[in-house]
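What follows is a short report on a single structure.
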Number of protein chains: 2
Amino acid sequence: MPVGLSDNDLERVDELIGARRRVARGMPLYLTGESFQSLYAIRTGFFKTEVISEDGREQVTGFQMAGELMGLDGIGTGQHNCDARALEDSEVCVIPFNRLSELSREIDTLQHHFHKVMSREIVRDQAVMMLLGTMRAEERLAAFLVNMSQRFASRGYSATEFNLRMTREEIGSYLGLKLETVSRGLSRLQEEGLLTVQNKNIRIHKLDELKRAMSPRC
Amino acid sequence: MPVGLSDNDLERVDELIGARRRVARGMPLYLTGESFQSLYAIRTGFFKTEVISEDGREQVTGFQMAGELMGLDGIGTGQHNCDARALEDSEVCVIPFNRLSELSREIDTLQHHFHKVMSREIVRDQAVMMLLGTMRAEERLAAFLVNMSQRFASRGYSATEFNLRMTREEIGSYLGLKLETVSRGLSRLQEEGLLTVQNKNIRIHKLDELKRAMSPRC
DNA sequence: CCTGCGCATTGATCACCGTCAATAATGAGC
DNA sequence: GCTCATTATTGACGGTGATCAATGCGCAGG
């Protein structure tokens with residue numbers, strides 16, 4: 001993942017990557033309470049992370065796609081603090097955290113890169129707080145779709161046509177809404193002509209207007 | 001902050017701490033967009049961090065008290081991604097991030113400690129997402145007060161009697177509620193006999209019931 | 001092909017919380 | 001001590017989204 005390494009260092013980082021691991025759709029990569037040993041970089045596939053509170057509430061805290069890193073929440077306590085579950089058949093690289101720590105002590109670039117990744121995760125979480133704290137249902141939905149669009153685009157896929165891997169309920173959990181509200185919101189955006197929804201398939205017709213729909217009433 | 005260092009290493013970590021800096025009530029420690037150079041450890045006082053979105057929305061993302069670290073959000077982009085503002089006259093230790101990086105390459109304990117702090121910040125943020133995504137107004141308030149109580153207690157102050165430093169509006173922003181709802185919620189908890197509110201002064205009478213009030217309807 | 005199950009859509013109703021508004025209390029500054 | 005601005009409380013009302021419920025769709029498996 002990091003760039004700008006010497007050939008020699010690059011080799012060593014390559015060795016850092018332990019095994020690969022396949023995770024079938026619906027199966028957990030790790031569960032809350034399991035001992036934390038490794039980080040996971042997604043090679044292919046799609047995941048959700050989900051926190052479960054003492055009183056049984058569930059909150060999806062994120063959806064992860066290829067290239068993204070999972071497991072950072074486990075470093076602090078030595079135990080995973082959320083569930084990570086595959087939304088489609090997926091493959092991850094296992095990155096033993098001990099080895100990453102050692103190596104990042106020797107390779108500046110790797111250390112910096114790792115710190116940046118953690119920091120960006122914090123910034124991302126803050127953006128979700130903003131979404132949950134201040135946006136109305138349709139704004140949240142627009143923000144979610146724009147975010148998906150950008151992430152697909154940055155991976156070379158279409159920014160305007162993609163298949164969601166998660167259910168309405170999972171979207172709702174992530175956005176702090178009920179699944180009915182998600183469904184209604186999508187129908188509404190469709191009526192307004194911003195996009196077409198057909199089950200999990202989304203076709204965005206007016207990306208700019210969708211971005212504007214993230215802001216309060218016109 | 002880290003413990004378990006040799007005397008020698010302890011000296012070096014001490015040197016890591018740059019200047020101290022005083023921040024008067026209401027003044028910013030840093031603002032969004034400023035270049036990121038240092039982390040800040042609070043010696044005394046009380047801060048809030050706040051994200052401001054492009055369309056002008058504000059979201060308080062946290063309240064920080066003595067011993068806590070601020071500025072982690074800046075590492076990823078090299079710029080601060082939120083405002084940090086003192087809620088009372090405060091003093092912080094400036095920790096130049098370059099020096100921290102260097103030193104943590106040499107001192108394992110420091111490296112581990114730093115990684116844990118970042119990870120815990122991520123877990124904390126996820127707990128806030130859970131709060132914003134799944135809890136009703138009064139549950140959020142109870143959770144907020146219990147959290148404050150615990151943090152005061154862990155610093156040697158009373159767990160049942162303390163002064164909030166922030167306004168109802170700031171509490172509301174943090175909890176995704178309007179200030180009126182915060183006020184009503186506090187009044188309600190008071191009517192129920194769980195606590196006494198007098199402006200910013202909180203006296204908790206039934207901490208266990210307050211904890212129960214974090215969960216859905218009795 | 002049909003069956004059954006999970007997922008999605010849509011409608012009707014209701015409750016929670018936001019909004020608007022008026023008043024009160026607090027604290028800083030002169 | 002008085003004034004003013006800020007902060008907090010409380011009430012009335014309305015809207016957004018939750019809840020309850022019924023129907024429809026799509027897909028895996030027999």
Side-chain angles (χ1 to χ4, degrees), chain A residues 24-26 48 57-60 85 87-89 131-145 163-192 195-203 213 216-217, chain B residues 24-27 48 57-60 85 87-89 131-145 163-192 195-203 213 216-218:
Chain A
R25 173 179 172 164
K48 69 170 174 182
R57 282 188 250 242
E58 299 183 2
Q59 170 77 24
V60 172
R85 212 171 267 277
L87 293 177
E88 63 181 29
D89 293 352
L131 180 144
L132 293 170
T134 71
M135 292 187 174
R136 20 191 54 262
E138 217 170 305
E139 292 164 6
R140 295 184 200 191
L141 211 44
F144 168 72
L145 292 170
N163 289 304
L164 299 173
R165 314 297 149 97
M166 67 294 283
T167 66
R168 301 288 188 263
E169 188 169 19
E170 287 162 337
I171 298 173
S173 172
Y174 179 60
L175 299 178
L177 303 170
K178 290 294 153 184
L179 68 94
E180 294 94 330
T181 307
V182 172
S183 187
R184 272 185 250 272
L186 288 174
S187 301
R188 188 122 203 286
L189 290 170
Q190 182 165 239
E191 282 169 26
E192 290 166 358
L195 47 78
T196 306
V197 193
Q198 206 157 43
N199 272 319
K200 307 218 153 136
N201 182 270
I202 304 287
R203 249 166 291 182
R217 306 294 79 242
Chain B
R25 172 177 175 167
M27 291 292 109
K48 69 170 175 181
R57 281 187 251 242
E58 300 182 1
Q59 170 77 24
V60 171
R85 213 172 267 278
L87 293 177
E88 61 181 32
D89 293 351
L131 179 144
L132 292 171
T134 72
M135 294 186 172
R136 18 189 63 261
E138 215 169 307
E139 292 164 6
R140 295 183 200 191
L141 254 177
F144 168 73
L145 291 170
N163 289 305
L164 299 173
R165 314 296 150 98
M166 67 293 284
T167 66
R168 302 287 188 264
E169 187 169 20
E170 286 163 337
I171 298 173
S173 171
Y174 179 61
L175 299 178
L177 303 170
K178 290 294 153 184
L179 68 95
E180 295 93 330
T181 308
V182 173
S183 188
R184 272 186 250 272
L186 288 174
S187 300
R188 188 123 204 286
L189 290 170
Q190 183 166 239
E191 281 169 27
E192 290 165 358
L195 47 78
T196 306
V197 193
Q198 206 157 42
N199 271 318
K200 306 215 154 139
N201 182 270
I202 304 287
R203 248 167 291 182
R217 308 292 81 242
C218 321

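Note that this is a predicted model, so its numbers are computed, not measured. Each chain gets a letter, A, B and so on, in the order its sequence line appears, and its residues count up from 1.
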Donor-acceptor contact below 3.5 Å, side chain B:Arg165 vs main chain B:Leu87: no
Determine the minimum heavy-atom distance between B:Arg140 and B:Leu177, stating which atoms define it. NH1-CD2, 4.1 Å
When we call it a touch if two heavy atoms are under 4.0 Å apart, what does B:Gly172 touch: a base, just sugar-phosphate, or nothing? nothing
Residue whose nearest DNA chain C nucleotide is more 5′ - B:Asn199 or A:Asn199: A:Asn199
Short side-chain N/O contact to D:dG17 OP1/OP2 from A:Thr181, under 4.0 Å: no
To the nearest Å, give me how far apart CG (A:Leu179) and P (D:dT19) are. 10 Å
On a plain distance test, is the side chain of B:Arg188 in donor-acceptor contact with the base of D:dT10 below 3.5 Å? no
Which nucleotide in D:dG11, C:dC17, C:dA12 has an atom nearest any side-chain atom of A:Arg184: C:dA12
Protein-nucleotide distance (B:Arg165, atom CZ; C:dT26, atom P), rounded to Å: 19 Å
A:Lys178 or A:Gln198: which one's nearest nucleotide on DNA chain D is closer to the 5' end? A:Lys178
Expressed as a whole number of angstroms, how long is the span from A:Arg57:CZ to D:dA18:P? 14 Å
Is there side-chain contact between B:Leu175 and B:Leu141, with at least one heavy-atom pair below 4.5 Å? yes
Taking N and O atoms by type only, does the side chain of A:Glu170 place a donor or acceptor under 3.5 Å from a partner on the base of C:dC7? no
Which listed nucleotide (D:dT19, C:dT19, C:dT9) is nearest to the side chain of B:Glu180? C:dT19
OP1 or OP2 of D:dT6 sitting under 4.0 Å from any side-chain N/O of B:Thr167? no
It should be established whether B:Arg168 places a side-chain nitrogen or oxygen under 4.0 Å from OP1 or OP2 of nucleotide D:dT9. yes
Can you see which heavy atom on A:Thr181 is nearest to which on A:Ala137, and at what distance? CG2-CB, 3.8 Å
Quick check: any donor-acceptor pair below 3.5 Å linking the side-chain of A:Arg136 to the base of D:dG15? no
So which atom in A:Glu139 and which in A:Pro216 form the shortest heavy-atom distance, rounded to 0.1 Å? OE2-CA, 3.1 Å
Among the candidates C:dA8, C:dG18, D:dG17, find the nucleotide nearest to the side-chain atoms of B:Leu177. C:dG18
